[in-house]
Amino acid sequence: MSTDYQRAREELGRRLRELRVESPDGRLTGTELAQRLGWPQSKVSKLENGRQTPTDDDLKVWVETVGQPTALPELRARLKGFESQIRSWRRSLAAGHGPVQETWNTLVRESRTLVMWENSTVCGMVQTADYARHVFDRYTDLRGSPRDTEEAVRARMKRQEWLYQPGKQLDLLMWEGALWAQVCPPEVLVAQLDRLLGLVGMDTVRLGIIPLSRALRLPPANSFCMLDERLVVLEDWHAELWLDDAETIALYRRVWDTLAESAVYGTDAQQVIARVRRSITV
């Protein structure tokens with residue numbers, strides 16, 4: 001979770017505490033408020049100390065119970081402001097993976113350059129349909145979201161049309177470990193590796209592979225995507241983070257550049273991919 005996000009959540013918590021203390025009914029203790037709301041006292045404590053994110057309903061019953069209903073628009077604006085940085089999968093996937101993929105289609109369509117680092121699986125911009133299908137199914141099983149795999153696959157494949165448009169540039173950096181991830185049957189993975197081999201030499205794609213044997217200046221941590229250096233998006237298990245402040249974007253640019261120092265390109269990248277492919281087909 002970003003420092004800015006946590007700071008904003010703590011500030012919201014302090015504001016909730018102020019409203020409780022300044023209640024027209026007199027100074028309410030946290031325990032008294034919890035009793036009135038029917039909540040565990042620990043929830044009030046976590047909200048006021050910025051250790052839990054309130055829902056809109058939490059804010060509504062809070063201001064009503066402390067007798068300060070006019071504060072609701074302000075609290076909602078605060079919540080909306082910092083929630084724009086973190087998009088929980090529970091909310092984002094309420095209607096399935098398809099709408100999330102369409103949102104990504106819009107982001108990519110409006111971008112000229114994509115700078116991507118992938119450490120766990122082949123990235124969506126260059127996945128085959130079969131590979132994408134298995135990835136979506138895995139996440140659907142994990143999160144219990146609506147199963148709209150075919151709609152999601154179609155949207156992801158549509159996004160890849162961007163790769164064939166003049167003036168576009170994908171700088172894709174991948175950890176060799178991502179090539180080995182058997183999130184699909186071996187024959188699907190082999191076809192996916194063939195797809196990667198075919199990307200080398202494309203005008204709009206610069207594919208770098210970091211071999212497992214290479215020394216690293218940074219650990220191969222979080223995958224992320226930078227769009228025109230205006231936005232960085234990264235996924236965690238619970239949420240997708242959208243980060244757009246200049247300092248954070250500059251940090252991720254340095255991370256990518258540092259990792260790229262260990263990468264191989266062109267025929268050397270093809271040799272790494274081909275080696276993995278041979279191992280899978282043995």
- request: Spell out, as yes or no, whether a donor-acceptor pair under 3.5 Å connects the side chain of Glu235 to the backbone of Glu240.
  value: no
query: Is a side-chain N or O of Glu150 found less than 3.5 angstrom from the main chain of Arg133, in a donor-acceptor match?
result: no
query: Are any non-hydrogen side-chain atoms of Val233 and Leu241 less than 4.5 angstrom apart?
result: no
- prompt: So among Arg9, Arg15, Arg20, which one has a salt bridge (charged side-chain N to carboxylate O under 4.0 Å, His left out) with Glu48?
  reply: Arg20
message: With a 4.5 Å cut-off on side-chain heavy atoms, are Leu16 and Leu59 touching?
response: yes
message: Show the nearest heavy-atom pair for residues Val272 and Pro211, with the distance to one decimal.
response: CG2-CG, 4.1 Å
query: Does Asn119 offer a backbone N or O that forms a donor-acceptor pair with the side chain of Ser223 under 3.5 Å?
result: yes
- request: Find the distance between CG (Leu79) and CG (Asp56) and round it off to the nearest 0.5 Å.
  value: 7.0 Å
- prompt: Do Trp180 and Ile210 belong to the same hydrophobic cluster, where Ile, Leu, Val, Met, Phe, Trp and Tyr are linked whenever their side-chain heavy atoms lie under 4.5 Å apart, directly or via other members?
  reply: yes
- prompt: Is there side-chain contact between Leu196 and Leu193, with heavy atoms separated by less than 4.5 Å?
  reply: yes
- request: For Gln52 and Leu47, work out which heavy atoms get closest and say how close.
  value: O-CD2, 3.5 Å
query: After noting the C-alpha distance and the side-chain angles of Trp162 and Leu170, does the key distance pass the side-chain contact (heavy atoms from CB on, under 4.5 Å) rule?
result: CA-CA 9 Å; Trp162 182 94; Leu170 169 63; 4.0 Å; yes
- request: Begin with the C-alpha distance, continue with both residues' side-chain angles, and end with the deciding distance and a verdict on side-chain contact (heavy atoms from CB on, under 4.5 Å) for Val126 and Val205.
  value: CA-CA 10 Å; Val126 295; Val205 179; 5.6 Å; no
message: If hydrophobic clusters are built from ILVMFWY residues whose side chains come within less than 4.5 Å, do Val21 and Leu12 share one?
response: no
- line: d(Thr103 OG1, Arg87 CZ) to nearest 0.5 Å is 7.5 Å
- prompt: Would Leu114 end up clustered with Met157 when hydrophobic side chains under 4.5 Å apart are linked, directly or stepwise?
  reply: no
field: Heavy-atom pair with the smallest gap, counting every atom of Tyr131 and Cys184
entry: CD1-SG, 3.7 Å
- line: Here the gap from Ile249 atom CD1 to Glu247 atom CD, rounded to the nearest 0.5 Å, amounts to 11.0 Å
- prompt: What residue among Lys168, Glu229, Arg230 forms side chain to side chain donor-acceptor pair (under 3.5 Å) with Ser111?
  reply: Arg230
task: Show the numbers, then the answer: is there a salt bridge (Lys or Arg N to Asp or Glu O under 4.0 Å) between Asp141 and Arg138?
output: CA-CA 5 Å; Asp141 291 341; Arg138 296 290 188 272; 5.5 Å; no
query: Does Gln127 use its side chain to pair, donor to acceptor, with the backbone of Val122 at less than 3.5 Å?
result: yes
message: Listing request: all ring pair (Phe, Tyr, Trp, His ring centres under 6.0 Å) pairs with a residue in residues 132-159, at least two apart in sequence or in separate chains.
response: His97-Phe136
- request: Side-chain contact test, heavy atoms from C-beta onward, threshold under 4.5 Å: evaluate it for Asn105 versus Lys158 and give yes or no.
  value: yes
message: Show every salt bridge (charged side-chain N to carboxylate O under 4.0 Å, His left out) that has at least one partner inside residues 93-109, sequence neighbours left out.
response: none
- request: Measure the spacing between CD of Gln182 and CD1 of Ile280 and express it to the nearest 0.5 Å.
  value: 6.0 Å
message: For Gln165, I'd like to know if atom CD has over 12 heavy atoms of other residues, nucleotides or ligands within 6.0 Å.
response: yes
- prompt: Is there a donor-acceptor pair closer than 3.5 Å between any side-chain N or O of Ser279 and the backbone N or O of Arg275?
  reply: yes
query: For residues Glu118 and Ser120, is any side-chain donor paired with an opposing acceptor at under 3.5 Å?
result: yes
message: If we ignore hydrogens and angles and just use 3.5 Å, is the side chain of Gln101 paired with the main-chain N or O of Arg156 as donor and acceptor?
response: no
message: side-chain contact (heavy atoms from CB on, under 4.5 Å), that's the test. Do Leu33 and Val66 meet it? Break it down for me.
response: CA-CA 8 Å; Leu33 178 59; Val66 301; 3.9 Å; yes
field: From Leu179 atom CG to Thr121 atom OG1, the distance as rounded to the nearest 0.5 Å
entry: 10.5 Å
statement: Of all heavy-atom pairs linking Gly177 and Leu212, the shortest is N-CD2, 3.8 Å
message: Is there a path of hydrophobic side-chain contacts, each under 4.5 Å between heavy atoms of I/L/V/M/F/W/Y residues, joining Val153 to Leu189?
response: no
- prompt: Roughly how far, to the nearest 0.5 Å, is OG1 of Thr70 from CG of Leu75?
  reply: 9.5 Å
task: Answer whether the closest heavy-atom distance between the side chains of Asp58 and Trp62 falls below 4.5 Å.
output: no
statement: Heavy-atom nearest pair, Ala221 first then Trp117, reads O-NE1, 2.8 Å
message: When you group the ILVMFWY residues by side-chain heavy-atom contacts below 4.5 Å and let the links chain together, are Trp89 and Leu234 in the same group?
response: yes
message: Quick check against the 3.5 Å criterion: does Thr204 have a side-chain atom that pairs as donor or acceptor with the backbone of Tyr164?
response: no
- request: State whether Lys60 and Asp57 are salt-bridged, where the test is any N-O pair (Lys NZ or Arg NE/NH1/NH2 against Asp/Glu carboxylate O) under 4.0 Å.
  value: no
Flag side-chain contact, heavy atom, 4.5 Å: Met174 against Met116: no
query: Looking at side-chain heavy atoms only, is the closest gap between Trp39 and Val61 below 4.5 Å?
result: yes
For residues 213-220, tabulate all N or O donor-acceptor pairs below 3.5 Å that involve a side-chain atom, not counting sequence neighbours.
{"from": "Arg214", "atom 1": "NH1", "to": "Ser262", "atom 2": "O", "distance (Å)": "3.4"}
{"from": "Arg217", "atom 1": "NH1", "to": "Glu261", "atom 2": "OE1", "distance (Å)": "2.8"}
{"from": "Arg217", "atom 1": "NH1", "to": "Glu261", "atom 2": "OE2", "distance (Å)": "3.0"}

- prompt: Parallel, tilted or perpendicular: which describes the rings of Tyr252 and Phe224, with under 30° parallel and over 60° perpendicular?
  reply: perpendicular
Note, Pro24 side chain near Gln68 side chain (heavy atom, < 4.5 Å): yes
message: Salt bridge or not between Arg78 and Glu74? Use side-chain N to carboxylate O under 4.0 Å.
response: yes
Distance-minimising heavy-atom pair for Asn49 and Glu10: O-CG, 4.1 Å
Charged N-O contact under 4.0 Å between Arg253 and Asp257: yes
field: Residues Gln169, Val115; criterion side-chain contact (heavy atoms from CB on, under 4.5 Å); working and verdict
entry: CA-CA 8 Å; Gln169 180 65 44; Val115 176; over 6 Å; no
